[in-house]
J.: 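My questions will all concern the structure given below.
Basis for what follows: all heavy atoms, side chains included, without hydrogens, waters or symmetry-related copies. Numbered from 1 within each chain, the chains take letters A, B, ... in sequence-line order. Please read these numbers as outputs of a predicted model, since none were measured by experiment.
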2 protein chains.
Amino acid sequence: MTRKKKKATIHDISKALGFNSSTVSRALNDSPLIADKTKKIILEKSKELGYQRNSLASKLRTNKTKTIGVIVPRIARHFCSSVIAGIEEMAFDKGYDVIICQSLETVKREKKLLDTLLANRVDGVLIAISMETTNFDHLENYKNEGFPLLFFDRPCDIEGCTNVVIDDFKASFDATEHLIRKGCKNIVHFSGPKTLALYRNRWRGYRAALEKNNIPLNDNYIFESKLMEKDGVIGAQKILSLPEVDGVFSANDTTAISAMQYLKKNGKNVPEDIAFVGFNNEPMSAVFAPSLTTIHQPGFEMGRMASSLLFEEIDGTRRVKGDQVKVLNPELIIRDSTSKHMLSESI
Amino acid sequence: MTRKKKKATIHDISKALGFNSSTVSRALNDSPLIADKTKKIILEKSKELGYQRNSLASKLRTNKTKTIGVIVPRIARHFCSSVIAGIEEMAFDKGYDVIICQSLETVKREKKLLDTLLANRVDGVLIAISMETTNFDHLENYKNEGFPLLFFDRPCDIEGCTNVVIDDFKASFDATEHLIRKGCKNIVHFSGPKTLALYRNRWRGYRAALEKNNIPLNDNYIFESKLMEKDGVIGAQKILSLPEVDGVFSANDTTAISAMQYLKKNGKNVPEDIAFVGFNNEPMSAVFAPSLTTIHQPGFEMGRMASSLLFEEIDGTRRVKGDQVKVLNPELIIRDSTSKHMLSESI
DNA sequence: CTTAAATATGCAATCGATTGCATTATTTAT
DNA sequence: ATAAATAATGCAATCGATTGCATATTTAAG
């Protein structure tokens, strides 16, 4: 009873009507070769039989899957899901399907997913590599098969690949300078793994802002971690032992908030004692008290941009030589966590 | 140069070695029919040629895709992504691939996604239906094809389908009674669309708790909406015109927090003037001040449970007659938004 | 040293849709 | 009215892997 019904095929339609299956196929694809009258008959029969194209067969034959793969570290991450939203919108317009996967920040899963996508012959892949990914062989191999591969958010220097990123350097520069303008002199930076270009760039932006404002660099002020919640607590503890610290620029919001919570519990006031700037503009950052000044990344736009570039590559409109980089502009969102020292503001 | 390389097939291996392609196929599938010596030779050659199975061909031939589809309203939602995490873990163990899709709460997309999954001949589908879904024909049709279909979170009464849900009634009952114990007498309920069984159950739980405690029901206290952020603002405005209200049980956290923000801005104190209980245990609920008392749903567990039931159905271990329901237990997480009136606590 | 049994490999059909080329039916032009 | 052009349909190969059955090879048993 719940036995899997055999689904109708073009051959069933063909037999039922006396047309050849090639005619049926063409009719269902609305080919101009087929007479309108015939199309109508075939379409009706196909509805009657509950026909539905077997994509597997079609994809096998045509060697085109009209499907792209997307690998993100974690789909629950607000930024990732905005990018996905952008990708899906664009893909929908172009008639592509999207397979979404999460690497959970591990290379092992990343490799496996890439293999699966390849086995399913997706037409191209969009990827934000995992934090663990320091060796790029699997990505290069994939690229060498001749399939379009495009990096977003976390850039990667592979011949023939496009990178779509935001200007992390500028964003971090602005964020840090904002702290400086608010009067901060001793600014800690919560950095992610420097193996990722993205975190290196944020770190560079931070340093550049200090240098430009003649504030000496202090290596003790750089806390490198995976930027998880617990790393915020660890960071806050370190800060408590550095009483001169009056500002923090964190490379993500989660860690910033976790640190602020810990500091608040331990008698420090934000922003009066220590000002905070985060990165990512997570929903919780607007809701936390004090609300967190942070960098908004145009995730949705990035998704649209990345996918449209990928589609151009797939249909041959665009050829990538060397490596190409598209840079999107982030935006500093000023909130309460940096509202101190209004006096020293230039406005 | 970036030309798509033709990928090696079993026939290439077969030609290169002089074995028949069927032997190659069996060898690559580690069939006991093939001599170990031969397997080794074939495996080596396949590596040399960079062979990778064409899943499309394999799936077409075997009529088994080893892939399941998951449709959720929105992958960014914390609860959804925990369910997905649970599903992926289980699927990984069983050697299944997972295609994740989001309906964005629209029936139109839901239908389209179901079609696409069907066209790709997934072995089964897990779905949390969209808020708009009041007509179940597309789901029944899918089910009638004889494919396993399983509902989670948002139950749906279709012959032969299993539902995996949490006990919304009990959770809401507990949540409401918690407010009552804290001394609330005039409790508003933010409800979702009553077309969804889930929200009906939460509403029933709320009513039952009031009845049990001899608190009169008041229809003016039921605010029905789609539970978006803006609905929290609307709810808060209504509350301001009902000065006797001293508690709110919201069917989700987002709306609760948005309402609390608005009330705070307008001079009301939470929990002193109005206590709040939410639903879902979103990350931001722990971080908002005051932190929100809420219902935690075991999303991860639900994902594991739902997918393992689906796999049993796929491999025929389990047969579903009528409709089967698995109920998981939610947990009340008590935080600051209900910390008033400690005196009246029984403890 | 046969014969039966067991092991290893090959052959060919199959899954369902697509498509180049061939064929037939219908128009159009002369 | 007939040749030429155009439109509509059919034939058969193809995509790549799998698998029931047939065949060949080896091993074991008598």
Side-chain angles (χ1 to χ4, degrees), chain A residues 4-43 45-46 49-67 115-116 118-123 145, chain B residues 4-43 45-46 49-67 115-116 118-123 145:
Chain A
K4 208 187 278 191
K5 265 185 218 165
K6 236 183 290 151
K7 301 214 52 150
T9 71
I10 50 170
H11 303 293
D12 298 326
I13 301 179
S14 138
K15 263 177 229 156
L17 294 175
F19 287 110
N20 187 279
S21 57
S22 61
T23 303
V24 175
S25 170
R26 283 191 257 255
L28 293 172
N29 285 314
D30 202 25
S31 154
L33 288 177
I34 304 297
D36 286 351
K37 199 180 58 176
T38 312
K39 279 184 193 169
K40 197 183 264 181
I41 298 174
I42 290 178
L43 225 61
K45 198 59 164 187
S46 90
L49 298 180
Y51 170 81
Q52 189 175 27
R53 163 196 275 102
N54 185 326
S55 301
L56 298 173
S58 167
K59 290 170 177 176
L60 174 61
R61 177 59 228 261
T62 58
N63 203 27
K64 278 253 160 204
T65 56
K66 276 272 182 182
T67 303
D115 274 353
T116 306
L118 204 49
N120 284 289
R121 301 296 191 268
V122 293
D123 292 334
E145 304 271 358
Chain B
K4 207 186 278 191
K5 266 185 216 163
K6 236 183 292 151
K7 299 216 53 149
T9 72
I10 50 170
H11 303 294
D12 298 326
I13 301 178
S14 138
K15 262 177 227 153
L17 294 175
F19 285 110
N20 187 280
S21 56
S22 62
T23 303
V24 175
S25 170
R26 284 190 258 255
L28 293 172
N29 285 312
D30 202 25
S31 153
L33 289 177
I34 305 298
D36 285 352
K37 200 179 58 178
T38 313
K39 279 184 193 169
K40 196 182 264 179
I41 298 173
I42 291 178
L43 225 61
K45 198 57 162 188
S46 91
L49 297 180
Y51 170 81
Q52 191 176 27
R53 164 197 274 100
N54 185 325
S55 299
L56 299 173
S58 166
K59 289 170 177 176
L60 174 60
R61 177 61 229 257
T62 58
N63 203 27
K64 279 253 156 202
T65 55
K66 276 269 180 186
T67 303
D115 274 353
T116 306
L118 204 50
N120 283 289
R121 301 296 191 268
V122 293
D123 293 333
E145 304 272 358

J.: Could you check how far CZ of B:Arg53 sits from P of D:dG16, rounded to whole Å?
T.: 15 Å
J.: A side-chain contact here means heavy atoms from C-beta on lying under 4.5 Å apart; do B:Leu49 and B:Ile13 qualify?
T.: yes
J.: Residues from residues 7-18 of chain A sitting under 4.0 Å of DNA chain D, heavy atoms only?
T.: A:Gly18
J.: For residues A:Gln52 and B:Glu145, determine if any side-chain heavy atom of one lies less than 4.5 Å from a side-chain heavy atom of the other.
T.: no
J.: What does A:Thr38 touch in the nucleic acid at a heavy-atom separation under 4.0 angstrom: a base, only the sugar-phosphate, or nothing?
T.: sugar-phosphate
J.: Rounded off to whole Å, could you give me the CD1-to-P distance for the A:Ile34 and C:dA17 pair?
T.: 16 Å
J.: Measure the distance from NZ on A:Lys40 to C1' on D:dT9 and round it to the nearest whole Å.
T.: 20 Å
J.: Restricting both atoms to N or O, compile the protein contacts to nucleotides 19-27 of chain D shorter than 3.5 Å, with distance only.
T.:
| unit_1 | atom_1 | unit_2 | atom_2 | d |
| --- | --- | --- | --- | --- |
| D:dG20 | O6 | B:Arg26 | NH2 | 3.1 |

J.: Please pick, from D:dT9, D:dG16, D:dA17, the nucleotide with the shortest atom-to-atom distance to any side-chain atom of B:Leu60.
T.: D:dG16
J.: Would you say the side-chain atoms of A:Asn120 and B:Lys59 include a donor-acceptor pair closer than 3.5 Å?
T.: yes
J.: Mind calculating the distance between CZ (B:Arg121) and C1' (C:dG16) to the nearest angstrom?
T.: 9 Å
J.: Using whole Å, what does the distance between atom P of nucleotide C:dA17 and atom NZ of A:Lys66 come to?
T.: 19 Å
J.: Please state how far atom NZ in B:Lys59 lies from atom P in C:dA17, giving the value in whole angstrom units.
T.: 17 Å
J.: Do B:Asp123 and B:Thr67 have side chains that get closer than 4.5 Å, going by heavy atoms?
T.: no
J.: Might you point out which heavy atoms bring B:His11 and B:Ser21 nearest each other, and give the distance in Å?
T.: ND1-CB, 3.5 Å
J.: Taking for each residue the nucleotide of DNA chain C bearing the nearest heavy atom, is the 5' side occupied by A:Ala57 or by B:Pro32?
T.: B:Pro32
J.: So do the side chains of A:Leu118 and B:Lys7 get within less than 4.5 Å of each other, counting heavy atoms only?
T.: yes
J.: If you only use heavy atoms from C-beta on, which nucleotide in C:dT9, C:dA17, D:dA17 is closest to the side chain of A:Ser58?
T.: C:dA17
J.: B:Ser25: which residues meet the side-chain contact (heavy atoms from CB on, under 4.5 Å) condition with it, sequence neighbours left out?
T.: B:Ile10, B:Asn29
J.: Can you measure A:Leu56 atom CG to C:dA17 atom P for me and round it to whole angstrom units?
T.: 10 Å
J.: Quick one: does any side-chain atom of A:Ser46 pair with a main-chain N or O of A:Tyr51 as donor and acceptor, under 3.5 Å?
T.: no
J.: Could you tell me the separation between the CG atom of B:Leu28 and the P atom of D:dG16, rounded to a whole number of Å?
T.: 15 Å
J.: Are the side chains of A:Thr65 and B:Leu56 in contact, using a 4.5 Å heavy-atom criterion?
T.: yes
